[in-house]
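A quick write-up on the structure given underneath.
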Amino acid sequence: MAVKRREKDIILNGDTIFQTGDIVTILSTEECSCKYKMLLIEKATNNTLIHSFGGKDMEQILKKLKFFSTLDDESLKTLSKILVEREYKKGCNIFVEGEKAQAVYVVKKGKVKIYKTSQDGKEHIIHIMTDGEVFAESCIFEVCPYPASADAIEDTIVYVIDNKKLEEVLEKHPKIAVELVKIMAKRLRMVAVQIENLSLKDSTQKTATLIMHLFKIKGVEIKEGAKIQLDISRTDMANMVGLTRETLTRSLFKFKSEGIIDIDGKELTIIDLDTLKDLT
């Protein structure tokens, strides 16, 4: 039964805050009263939140994700105790630019787009987050609003880490702090590149840069060149480099007619990688 979400309603369960609209999977019937479970059922939507209680299985899962892979067992054990696993259906909003930042997120499985929206409603995608990537980390050390919005662009599971709890953990586990600093430094470099792409490059260069970016993160080299699975929409691709969907489409077909790439549905093949690099 669909229930309209009321943003101000909050339910408390120990240290975890559940907003109205969350579905909570109770891992033990002793975790809460029947009254509490009935409240959650009444306020259900498509979002799912599952409380994670740590343990060896959780630590092994974390080790497989990029952010956690270099951490020692003690750090993983500590983090696993403060993680909350949350599921979002495709198209669901995770947080909105301007909301008070309360947590850091790690993608367990799926894709999340981080984006800003201009006053005239135009969307610009800053980054597409995939398995193991961290987002909203810029607000850990100070009370501030989220600088951008985040939406799930496919069914997605994330780990949510409360900022206050994470700050306490960082004081005792410097290795985790070092990994976060590395991520922040990488993001600064990425933003510098994005500013250059948006302000200094024309549509042809932007399209070539986008293809090269997708090649680096998901491309597979083959005898004829390289293949990329286009698992994000053309609109999202265009928003990543500040183009309209129509302009991006024209540039892609121009590249195809010149023998630089080939496109078959959601599969893009890079035929002439050297020429594509030169166009960036």
Side-chain angles (χ1 to χ4, degrees), residues 66-67 97 107 110-118 120-138 147-154 156 182-280:
K66 188 168 20 180
F67 170 64
E97 179 180 355
V107 181
K111 290 184 177 63
V112 175
K113 68 175 179 180
I114 310 298
Y115 65 96
K116 292 183 74 71
T117 306
S118 65
D120 61 0
K122 183 174 176 56
E123 182 180 291
H124 175 69
I125 295 178
I126 300 169
H127 196 62
I128 302 289
M129 299 295 175
T130 56
D131 298 5
E133 293 195 293
V134 179
F135 59 100
E137 79 289 339
S138 62
S149 300
D151 288 0
I153 58 175
E154 64 181 42
T156 298
K182 288 179 181 178
I183 289 169
M184 291 178 182
K186 182 179 179 181
R187 294 282 155 76
L188 284 173
R189 293 193 297 271
M190 182 183 73
V191 169
V193 171
Q194 286 184 320
I195 291 172
E196 177 187 358
N197 291 341
L198 288 171
S199 59
L200 302 177
K201 294 185 176 182
D202 59 26
S203 60
T204 297
Q205 292 172 312
K206 288 179 179 180
T207 303
T209 299
L210 172 64
I211 296 172
M212 287 303 302
H213 171 69
L214 295 175
F215 167 65
K216 288 177 182 177
I217 63 174
K218 62 176 67 177
V220 177
E221 292 190 20
I222 58 173
K223 186 176 180 181
E224 298 81 12
K227 285 190 180 295
I228 304 169
Q229 290 298 319
L230 302 177
D231 49 7
I232 57 176
S233 69
R234 295 287 195 274
T235 299
D236 283 342
M237 288 171 62
N239 288 338
M240 289 174 70
V241 287
L243 295 175
T244 64
R245 178 191 172 100
E246 293 75 20
T247 300
L248 174 69
T249 300
R250 284 196 297 270
S251 295
L252 289 173
F253 278 102
K254 179 174 179 288
F255 288 174
K256 181 177 180 178
S257 66
E258 294 174 353
I260 300 171
I261 65 169
D262 188 28
I263 301 178
D264 183 12
K266 291 192 173 183
E267 186 174 82
L268 185 150
T269 303
I270 300 175
I271 299 170
D272 190 342
L273 186 58
D274 290 336
T275 299
L276 192 64
K277 287 179 180 178
D278 291 340
L279 289 172
T280 62

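Note that these values count all heavy atoms, side chains included, but never hydrogens, waters or copies made by symmetry.
Annotation: side chain of Ile271 is in contact with side chain of Asp262 (closest heavy-atom distance under 4.5 Å). Residues Asp236 and Ile153 meet the side-chain proximity criterion, which asks for heavy atoms closer than 4.5 Å. Contact check for Lys116 versus Ile126: side-chain heavy atoms found under the 4.5 Å cut-off.
Within the structure, the salt bridge (Lys or Arg N to Asp or Glu O under 4.0 Å) test picks out no pair touching residues 269-280 (sequence neighbours left out).
The two residues Lys254 and Thr204 make their nearest non-hydrogen contact at NZ-OG1, 4.5 Å. Smallest separation of non-hydrogen atoms from His124 and Asn239: ND1-O, 2.9 Å. Among all heavy-atom pairs drawn from Ile263 and Arg234, the shortest one is CG2-NH2, 3.7 Å. Residues Ser251 and Ser203 share a closest heavy-atom pair of OG-O, 3.9 Å. Of all non-hydrogen atoms in Ile114 and Ala150, the two that sit nearest each other are CD1-CB, 3.7 Å.
Looking only at distances, a side-chain donor or acceptor of Gln205 sits under 3.5 Å from a matching main-chain atom of Asp202. A donor-acceptor pair is defined here as one N or O able to donate and one able to accept, closer than 3.5 Å; such a pair exists between the side chain of Thr156 and the backbone of Lys111. Listed for the Lys113 side chain is no donor-acceptor partner under 3.5 Å among the backbone atoms of Ser149. Proximity of a side-chain donor or acceptor of Glu258 to a complementary backbone N or O of Phe255 within less than 3.5 Å is not detected. Although no hydrogens or angles enter the test, the distance criterion places a donor-acceptor pair under 3.5 Å between the side chain of Ser118 and the main chain of Lys122.
Not counting sequence neighbours, the partners of Lys206 by the side chain to side chain contact (heavy atoms under 4.5 Å, CB included) test are Lys201, Val241, Leu243.
Distance check, rounded to the nearest 0.5 Å: NZ of Lys266 to CD1 of Ile232 gives 10.0 Å. From Ile211, atom CD1 reaches atom OG1 of Thr280 across 10.5 Å, with rounding to the nearest 0.5 Å. Summarising the geometry, atom CE belonging to Met240 is positioned 5.0 Å from atom CD1 belonging to Ile128; distances are rounded to the nearest 0.5 Å. For the atom pair CD of Glu123 and OG1 of Thr235, the computed distance is 9.0 Å after rounding to the nearest 0.5 Å. Separating the OG1 atom in Thr269 from the CD1 atom in Ile260 is a distance of 14.0 Å, to the nearest 0.5 Å. We find the CZ-CG distance between Phe253 and Leu248 to be 10.0 Å, quoted to the nearest 0.5 Å.
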Dump the intermediate steps for side-chain contact (heavy atoms from CB on, under 4.5 Å) on Leu214 and Leu230, then the final yes or no.
CA-CA 8 Å; Leu214 295 175; Leu230 302 177; 4.1 Å; yes
Val107 and Thr130: CA distance, side-chain angles, deciding distance, side-chain contact (heavy atoms from CB on, under 4.5 Å) verdict
CA-CA 6 Å; Val107 181; Thr130 56; 5.8 Å; no
Give the intermediate values and the outcome of side-chain hydrogen bond (donor to acceptor under 3.5 Å, both in side chains) for residues Asp151 and Tyr115.
CA-CA 8 Å; Asp151 288 0; Tyr115 65 96; 3.0 Å; yes
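With salt bridges taken as basic N to acidic carboxylate O contacts below 4.0 Å, one links Arg187 and Glu137. Comment: Glu246 does not engage Arg250 in a salt bridge, judged by the lack of any side-chain N to carboxylate O separation of less than 4.0 angstrom.
Residue Glu221 qualifies as open at atom CD: its count of foreign heavy atoms under 6.0 Å is 12 or below.
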